[in-house]
Amino acid sequence: MANHMVKSTKEYSVCWRCIISVGIFILLYVVGILLPLETTPHYHNYMSRIWNWTEILILLLAVYYIIKSKNFQWRQAAIALLLGATCLVSLFRDPRIVDIIITSICVMVSFYAACRLYELADVENKTIHINLSGSIRYFCLGAVISIPLAFLNVLYFSLNHPIHVRNVLTSAVLALKPAIAEEVVFRFFLMAYAYYIIHGKTNKRILNAFIYILLIVPHEMLHYPDLLVKSPVFAIAMCLLNSVLFGLPMAILMKKKNLQMAIGLHWFIDFIRFAAGF
(Lines give C-alpha, C1' and ligand atoms only; values in the text may rest on other atoms or scores of the structure.)
Protein backbone atom coordinates (compact mmCIF):
# COMPACT_ATOMS: atom_id res chain seq x y z
CA MET A 1 0.00 0.00 0.00
CA ALA A 2 2.82 2.38 0.95
CA ASN A 3 4.70 1.58 -2.29
CA HIS A 4 1.56 2.23 -4.30
CA MET A 5 1.13 5.62 -2.63
CA VAL A 6 4.77 6.55 -3.31
CA LYS A 7 4.38 5.55 -6.95
CA SER A 8 1.16 7.55 -7.29
CA THR A 9 2.83 10.59 -5.74
CA LYS A 10 5.74 10.33 -8.17
CA GLU A 11 3.43 10.01 -11.18
CA TYR A 12 1.36 12.96 -9.94
CA SER A 13 4.53 15.05 -9.63
CA VAL A 14 5.71 13.99 -13.08
CA CYS A 15 2.32 14.82 -14.58
CA TRP A 16 2.41 18.34 -13.22
CA ARG A 17 6.00 18.94 -14.32
CA CYS A 18 5.10 17.83 -17.85
CA ILE A 19 2.01 20.04 -17.90
CA ILE A 20 3.97 23.05 -16.63
CA SER A 21 6.74 22.51 -19.21
CA VAL A 22 4.28 22.25 -22.10
CA GLY A 23 2.14 25.08 -20.71
CA ILE A 24 5.04 27.54 -20.58
CA PHE A 25 5.91 26.83 -24.22
CA ILE A 26 2.28 27.24 -25.33
CA LEU A 27 2.00 30.51 -23.41
CA LEU A 28 5.18 31.82 -25.02
CA TYR A 29 3.92 30.71 -28.45
CA VAL A 30 0.54 32.40 -28.03
CA VAL A 31 2.06 35.65 -26.71
CA GLY A 32 4.53 35.60 -29.59
CA ILE A 33 1.67 35.53 -32.07
CA LEU A 34 -0.71 37.95 -30.33
CA LEU A 35 1.94 40.60 -29.60
CA PRO A 36 2.23 42.95 -32.62
CA LEU A 37 5.53 42.63 -34.47
CA GLU A 38 5.98 46.41 -34.27
CA THR A 39 6.66 46.08 -30.54
CA THR A 40 9.81 44.04 -31.30
CA PRO A 41 11.28 45.60 -34.48
CA HIS A 42 14.37 43.41 -34.22
CA TYR A 43 12.35 40.42 -35.49
CA HIS A 44 11.13 40.45 -39.09
CA ASN A 45 8.44 37.78 -38.59
CA TYR A 46 6.65 35.78 -35.90
CA MET A 47 8.79 32.70 -36.47
CA SER A 48 12.11 34.41 -35.80
CA ARG A 49 10.71 36.01 -32.65
CA ILE A 50 9.13 32.89 -31.14
CA TRP A 51 12.09 30.76 -32.18
CA ASN A 52 14.56 33.10 -30.46
CA TRP A 53 12.39 33.38 -27.35
CA THR A 54 12.19 29.58 -27.12
CA GLU A 55 15.97 29.30 -27.39
CA ILE A 56 16.36 31.82 -24.57
CA LEU A 57 13.87 29.86 -22.45
CA ILE A 58 15.80 26.62 -23.03
CA LEU A 59 19.06 28.45 -22.34
CA LEU A 60 17.81 29.59 -18.93
CA LEU A 61 16.57 26.07 -18.14
CA ALA A 62 19.93 24.63 -19.16
CA VAL A 63 21.83 27.11 -16.99
CA TYR A 64 19.67 26.13 -14.01
CA TYR A 65 20.52 22.45 -14.36
CA ILE A 66 24.22 23.13 -14.87
CA ILE A 67 24.25 25.04 -11.59
CA LYS A 68 22.25 22.27 -9.94
CA SER A 69 24.61 19.52 -11.08
CA LYS A 70 27.67 21.08 -9.34
CA ASN A 71 29.99 18.97 -11.46
CA PHE A 72 32.28 20.21 -14.23
CA GLN A 73 33.54 17.99 -17.07
CA TRP A 74 36.24 19.50 -19.30
CA ARG A 75 35.76 17.07 -22.20
CA GLN A 76 32.04 17.74 -22.47
CA ALA A 77 32.65 21.48 -22.13
CA ALA A 78 35.18 21.33 -24.99
CA ILE A 79 32.70 19.51 -27.24
CA ALA A 80 30.01 22.04 -26.32
CA LEU A 81 32.35 24.91 -27.22
CA LEU A 82 33.19 23.31 -30.57
CA LEU A 83 29.52 22.80 -31.46
CA GLY A 84 28.59 26.35 -30.49
CA ALA A 85 31.54 27.86 -32.38
CA THR A 86 30.58 25.89 -35.50
CA CYS A 87 27.14 27.50 -35.45
CA LEU A 88 28.80 30.91 -35.80
CA VAL A 89 29.40 30.14 -39.50
CA SER A 90 25.88 31.44 -40.09
CA LEU A 91 27.15 34.96 -39.38
CA PHE A 92 28.34 34.91 -42.99
CA ARG A 93 24.79 34.29 -44.25
CA ASP A 94 22.44 35.84 -41.70
CA PRO A 95 22.56 39.56 -40.78
CA ARG A 96 20.87 38.89 -37.41
CA ILE A 97 24.15 38.82 -35.51
CA VAL A 98 22.60 38.92 -32.04
CA ASP A 99 20.27 35.99 -32.78
CA ILE A 100 23.11 33.86 -34.17
CA ILE A 101 25.26 34.54 -31.12
CA ILE A 102 22.37 33.67 -28.79
CA THR A 103 21.82 30.43 -30.72
CA SER A 104 25.50 29.52 -30.50
CA ILE A 105 25.57 30.17 -26.75
CA CYS A 106 22.36 28.16 -26.35
CA VAL A 107 23.95 25.24 -28.23
CA MET A 108 27.00 25.26 -25.95
CA VAL A 109 25.04 25.54 -22.73
CA SER A 110 22.23 23.13 -23.65
CA PHE A 111 24.66 20.44 -24.87
CA TYR A 112 26.65 20.61 -21.67
CA ALA A 113 23.48 20.72 -19.55
CA ALA A 114 22.08 17.69 -21.40
CA CYS A 115 25.19 15.69 -20.51
CA ARG A 116 24.68 16.64 -16.87
CA LEU A 117 20.98 15.72 -16.99
CA TYR A 118 21.76 12.25 -18.36
CA GLU A 119 24.00 11.68 -15.37
CA LEU A 120 21.43 13.05 -12.91
CA ALA A 121 18.78 10.79 -14.47
CA ASP A 122 21.18 7.82 -14.40
CA VAL A 123 20.60 7.20 -18.12
CA GLU A 124 23.40 6.19 -20.50
CA ASN A 125 24.46 9.00 -22.81
CA LYS A 126 25.60 7.07 -25.89
CA THR A 127 26.47 10.23 -27.83
CA ILE A 128 29.27 11.44 -25.58
CA HIS A 129 31.08 8.08 -25.60
CA ILE A 130 31.52 7.94 -29.39
CA ASN A 131 35.03 8.82 -30.62
CA LEU A 132 35.87 11.11 -33.54
CA SER A 133 35.99 8.42 -36.22
CA GLY A 134 32.75 6.93 -34.91
CA SER A 135 31.09 10.35 -34.89
CA ILE A 136 32.07 10.93 -38.53
CA ARG A 137 30.78 7.49 -39.47
CA TYR A 138 27.42 8.05 -37.78
CA PHE A 139 27.16 11.55 -39.30
CA CYS A 140 27.71 10.14 -42.79
CA LEU A 141 25.25 7.31 -42.18
CA GLY A 142 22.61 9.84 -41.11
CA ALA A 143 23.27 11.83 -44.29
CA VAL A 144 22.85 8.73 -46.47
CA ILE A 145 19.56 7.84 -44.78
CA SER A 146 18.25 11.35 -45.42
CA ILE A 147 18.76 11.34 -49.21
CA PRO A 148 15.09 10.59 -50.12
CA LEU A 149 13.84 13.17 -47.59
CA ALA A 150 16.30 15.80 -48.86
CA PHE A 151 15.08 15.55 -52.43
CA LEU A 152 11.45 15.40 -51.33
CA ASN A 153 12.06 18.64 -49.42
CA VAL A 154 13.55 20.32 -52.50
CA LEU A 155 10.65 19.09 -54.62
CA TYR A 156 8.22 20.81 -52.24
CA PHE A 157 10.08 24.13 -52.39
CA SER A 158 10.38 23.93 -56.19
CA LEU A 159 6.60 23.93 -56.53
CA ASN A 160 6.57 27.66 -55.77
CA HIS A 161 10.10 28.79 -56.65
CA PRO A 162 12.54 27.78 -59.41
CA ILE A 163 15.70 25.89 -58.46
CA HIS A 164 18.80 28.08 -58.54
CA VAL A 165 21.97 26.09 -57.91
CA ARG A 166 24.36 27.75 -55.46
CA ASN A 167 27.92 27.12 -54.31
CA VAL A 168 27.99 23.53 -53.02
CA LEU A 169 30.84 24.03 -50.54
CA THR A 170 29.26 27.15 -49.04
CA SER A 171 25.92 25.38 -48.77
CA ALA A 172 27.52 22.42 -47.02
CA VAL A 173 29.22 24.65 -44.44
CA LEU A 174 26.19 26.86 -43.78
CA ALA A 175 23.93 23.82 -43.34
CA LEU A 176 25.96 22.84 -40.27
CA LYS A 177 24.37 25.59 -38.17
CA PRO A 178 20.69 24.57 -38.39
CA ALA A 179 21.60 20.89 -38.18
CA ILE A 180 23.70 21.27 -35.04
CA ALA A 181 21.62 23.96 -33.34
CA GLU A 182 18.23 22.35 -33.82
CA GLU A 183 19.32 18.82 -32.98
CA VAL A 184 21.25 19.88 -29.88
CA VAL A 185 18.78 22.43 -28.50
CA PHE A 186 15.42 20.98 -29.50
CA ARG A 187 16.15 17.27 -29.34
CA PHE A 188 19.34 16.30 -27.50
CA PHE A 189 18.68 18.64 -24.56
CA LEU A 190 14.92 18.10 -24.45
CA MET A 191 15.37 14.33 -24.49
CA ALA A 192 17.78 14.55 -21.56
CA TYR A 193 15.31 16.84 -19.79
CA ALA A 194 12.48 14.35 -20.39
CA TYR A 195 14.56 11.51 -18.98
CA TYR A 196 15.45 13.59 -15.95
CA ILE A 197 11.88 14.50 -15.00
CA ILE A 198 10.25 11.17 -15.92
CA HIS A 199 12.78 8.29 -15.95
CA GLY A 200 12.02 5.77 -13.20
CA LYS A 201 8.95 7.70 -12.09
CA THR A 202 6.37 6.32 -14.50
CA ASN A 203 5.96 3.43 -16.95
CA LYS A 204 8.05 3.13 -20.12
CA ARG A 205 5.12 3.74 -22.47
CA ILE A 206 4.37 7.17 -20.98
CA LEU A 207 8.07 8.01 -20.94
CA ASN A 208 8.53 7.18 -24.64
CA ALA A 209 5.34 9.00 -25.64
CA PHE A 210 6.40 12.15 -23.80
CA ILE A 211 9.89 12.01 -25.30
CA TYR A 212 8.63 11.76 -28.87
CA ILE A 213 6.07 14.52 -28.34
CA LEU A 214 8.73 16.77 -26.81
CA LEU A 215 11.24 16.04 -29.58
CA ILE A 216 8.81 16.60 -32.46
CA VAL A 217 5.91 18.94 -31.68
CA PRO A 218 7.61 22.11 -30.31
CA HIS A 219 10.27 22.10 -33.04
CA GLU A 220 7.69 21.71 -35.80
CA MET A 221 5.37 24.33 -34.32
CA LEU A 222 8.19 26.88 -34.37
CA HIS A 223 8.24 26.75 -38.18
CA TYR A 224 4.62 27.82 -38.66
CA PRO A 225 3.49 30.79 -36.51
CA ASP A 226 3.29 33.12 -39.55
CA LEU A 227 1.39 30.55 -41.58
CA LEU A 228 -0.85 29.89 -38.57
CA VAL A 229 -1.89 33.55 -38.59
CA LYS A 230 -2.69 33.47 -42.33
CA SER A 231 -4.16 29.98 -42.68
CA PRO A 232 -4.60 27.94 -39.47
CA VAL A 233 -5.88 24.81 -41.24
CA PHE A 234 -3.00 24.71 -43.72
CA ALA A 235 -0.49 25.41 -40.94
CA ILE A 236 -1.78 22.51 -38.85
CA ALA A 237 -1.77 20.22 -41.90
CA MET A 238 1.83 21.16 -42.74
CA CYS A 239 2.89 20.73 -39.13
CA LEU A 240 1.41 17.22 -38.98
CA LEU A 241 2.86 16.23 -42.36
CA ASN A 242 6.36 17.47 -41.62
CA SER A 243 6.23 15.96 -38.13
CA VAL A 244 5.77 12.54 -39.73
CA LEU A 245 8.13 12.98 -42.70
CA PHE A 246 10.98 14.86 -41.03
CA GLY A 247 10.46 15.30 -37.29
CA LEU A 248 9.79 11.64 -36.51
CA PRO A 249 12.87 10.23 -38.32
CA MET A 250 15.13 12.75 -36.57
CA ALA A 251 13.55 12.00 -33.19
CA ILE A 252 13.91 8.25 -33.74
CA LEU A 253 17.59 8.59 -34.64
CA MET A 254 18.17 10.80 -31.62
CA LYS A 255 16.50 8.36 -29.24
CA LYS A 256 17.48 5.03 -30.79
CA LYS A 257 20.94 5.97 -32.07
CA ASN A 258 22.76 9.21 -31.22
CA LEU A 259 23.14 12.94 -31.78
CA GLN A 260 25.72 12.51 -34.54
CA MET A 261 23.39 10.52 -36.78
CA ALA A 262 20.49 12.92 -36.21
CA ILE A 263 22.74 15.88 -37.10
CA GLY A 264 23.90 14.07 -40.26
CA LEU A 265 20.33 13.50 -41.40
CA HIS A 266 19.34 17.09 -40.65
CA TRP A 267 22.49 18.50 -42.26
CA PHE A 268 22.03 16.76 -45.61
CA ILE A 269 18.41 17.90 -45.90
CA ASP A 270 19.40 21.54 -45.33
CA PHE A 271 22.54 21.20 -47.48
CA ILE A 272 20.53 20.08 -50.50
CA ARG A 273 17.95 22.81 -49.86
CA PHE A 274 20.63 25.53 -49.66
CA ALA A 275 22.44 24.17 -52.73
CA ALA A 276 19.16 24.28 -54.66
CA GLY A 277 18.72 27.96 -53.80
CA PHE A 278 16.04 27.72 -51.10
Side-chain angles (χ1 to χ4, degrees), residues 54-91 100-146 172-200 207 211 214-215 219 250-268 270-271:
T54 305
E55 285 182 332
I56 293 173
L57 180 65
I58 290 176
L59 174 60
L60 295 175
L61 186 64
V63 169
Y64 169 77
Y65 283 112
I66 288 176
I67 295 173
K68 185 175 181 178
S69 69
K70 299 178 182 179
N71 182 21
F72 188 77
Q73 296 289 337
W74 285 103
R75 181 172 179 270
Q76 295 169 8
I79 296 173
L81 183 62
L82 176 62
L83 292 172
T86 303
C87 291
L88 291 175
V89 299
S90 280
L91 289 173
I100 298 300
I101 292 175
I102 289 175
T103 297
S104 299
I105 293 174
C106 188
V107 167
M108 288 186 281
V109 175
S110 60
F111 176 84
Y112 185 79
C115 294
R116 304 271 61 74
L117 284 172
Y118 275 112
E119 292 181 3
L120 291 173
D122 195 24
V123 174
E124 180 186 5
N125 180 2
K126 299 178 183 178
T127 292
I128 200 65
H129 298 303
I130 300 174
N131 57 28
L132 179 60
S133 61
S135 294
I136 294 174
R137 184 174 69 253
Y138 278 117
F139 177 90
C140 293
L141 183 57
V144 171
I145 293 173
S146 74
V173 173
L174 292 177
L176 288 171
K177 183 264 178 181
I180 293 173
E182 293 175 35
E183 293 307 311
V184 169
V185 176
F186 296 107
R187 280 189 251 275
F188 185 64
F189 173 77
L190 290 182
M191 185 168 70
Y193 174 68
Y195 273 122
Y196 175 72
I197 65 174
I198 292 183
H199 183 65
L207 170 63
I211 286 176
L214 202 59
L215 267 57
H219 177 257
M250 293 175 190
I252 290 175
L253 287 185
M254 182 66 72
K255 187 175 185 302
K256 300 291 186 180
K257 294 299 182 179
N258 48 63
L259 173 63
Q260 291 89 328
M261 191 178 288
I263 289 177
L265 185 144
H266 199 141
W267 169 80
F268 191 78
D270 282 333
F271 160 55

Could you list the donor-acceptor pairs under 3.5 angstrom formed between side-chain atoms of residues 180-187 and any protein atom two or more places apart in sequence or on another chain?
residue: E182; atom: OE1; partner: H219; partner atom: NE2; Å: 2.6
residue: E182; atom: OE1; partner: H266; partner atom: NE2; Å: 3.3
residue: E183; atom: OE1; partner: R187; partner atom: NE; Å: 2.9
residue: E183; atom: OE2; partner: R187; partner atom: NE; Å: 3.1
residue: E183; atom: OE2; partner: R187; partner atom: NH2; Å: 3.1
residue: E183; atom: OE2; partner: H266; partner atom: ND1; Å: 2.7
residue: R187; atom: NH1; partner: L215; partner atom: O; Å: 2.7

Under 3.5 Å, sequence neighbours excluded: what are the donor-acceptor pairs made by side chains of residues 73-86?
residue: R75; atom: NH1; partner: I128; partner atom: O; Å: 2.8
residue: R75; atom: NH2; partner: I128; partner atom: O; Å: 3.3
residue: Q76; atom: OE1; partner: R116; partner atom: NH1; Å: 2.5
residue: T86; atom: OG1; partner: L82; partner atom: O; Å: 2.8

Please tabulate, for the side chains in residues 132-142, all donor-acceptor contacts under 3.5 angstrom to protein atoms that are two or more places apart in sequence or on a different chain.
residue: S133; atom: OG; partner: N131; partner atom: OD1; Å: 3.1
residue: S135; atom: OG; partner: N131; partner atom: O; Å: 2.9
residue: S135; atom: OG; partner: Q260; partner atom: NE2; Å: 3.0

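Rounded to the nearest 0.5 angstrom, S69 OG and L120 CG are separated by 6.0 Å. How far CD1 of I252 is from CE of M250: 12.0 Å, rounded to the nearest 0.5 Å. Residue D270 holds its CG atom at 10.5 Å from CG of L174, rounded to the nearest 0.5 Å. Rounding to the nearest 0.5 Å gives a distance of 14.0 Å between CG of L61 and CD1 of I56.
Scanning for side chain to side chain contact (heavy atoms under 4.5 Å, CB included) contacts around V123 gives Y118, A121, Y195, H199, with sequence neighbours left out. A143 pairs by the side chain to side chain contact (heavy atoms under 4.5 Å, CB included) definition with W267, F268, not counting sequence neighbours. Taking K68 as the reference, Y64, Y65, Y196 meet the side chain to side chain contact (heavy atoms under 4.5 Å, CB included) condition, with sequence neighbours excluded.
S110 approaches A62 most closely through the heavy-atom pair CA-CB, 3.9 Å. Taking each heavy atom of A114 and A192 in turn, the nearest pair found is O-CB, 3.6 Å. Residues C87 and I100 approach most closely at O-CG2, 3.9 Å, considering heavy atoms. A pairwise comparison of heavy atoms in K126 and I130 identifies O-CG1, 3.3 Å as the closest pair. Nearest approach of I263 to A179, heavy atoms of both residues: O-CB, 3.7 Å. Residue L214 comes nearest to A194 through the heavy atom pair CD2-CB, 4.0 Å, listed as atom of the first residue, atom of the second, then distance.
T127 places a side-chain N or O within 3.5 Å of a backbone atom of L259 that can act as its donor or acceptor partner.
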Side chain to side chain contact (heavy atoms under 4.5 Å, CB included) evaluation trace for I105 with M108:
CA-CA 5 Å; I105 293 174; M108 288 186 281; 4.2 Å; yes
Start with the C-alpha distance between N125 and C115, add both sets of side-chain angles, then the distance that settles side chain to side chain contact (heavy atoms under 4.5 Å, CB included), and finish with yes or no.
CA-CA 7 Å; N125 180 2; C115 294; 3.7 Å; yes
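For an aromatic pair to be called close, the ring centres must be under 6.0 Å apart, and Y112 with F189 fails this.
At most 12 non-hydrogen atoms from other residues, nucleotides or ligands lie less than 6.0 angstrom from CG of D122.
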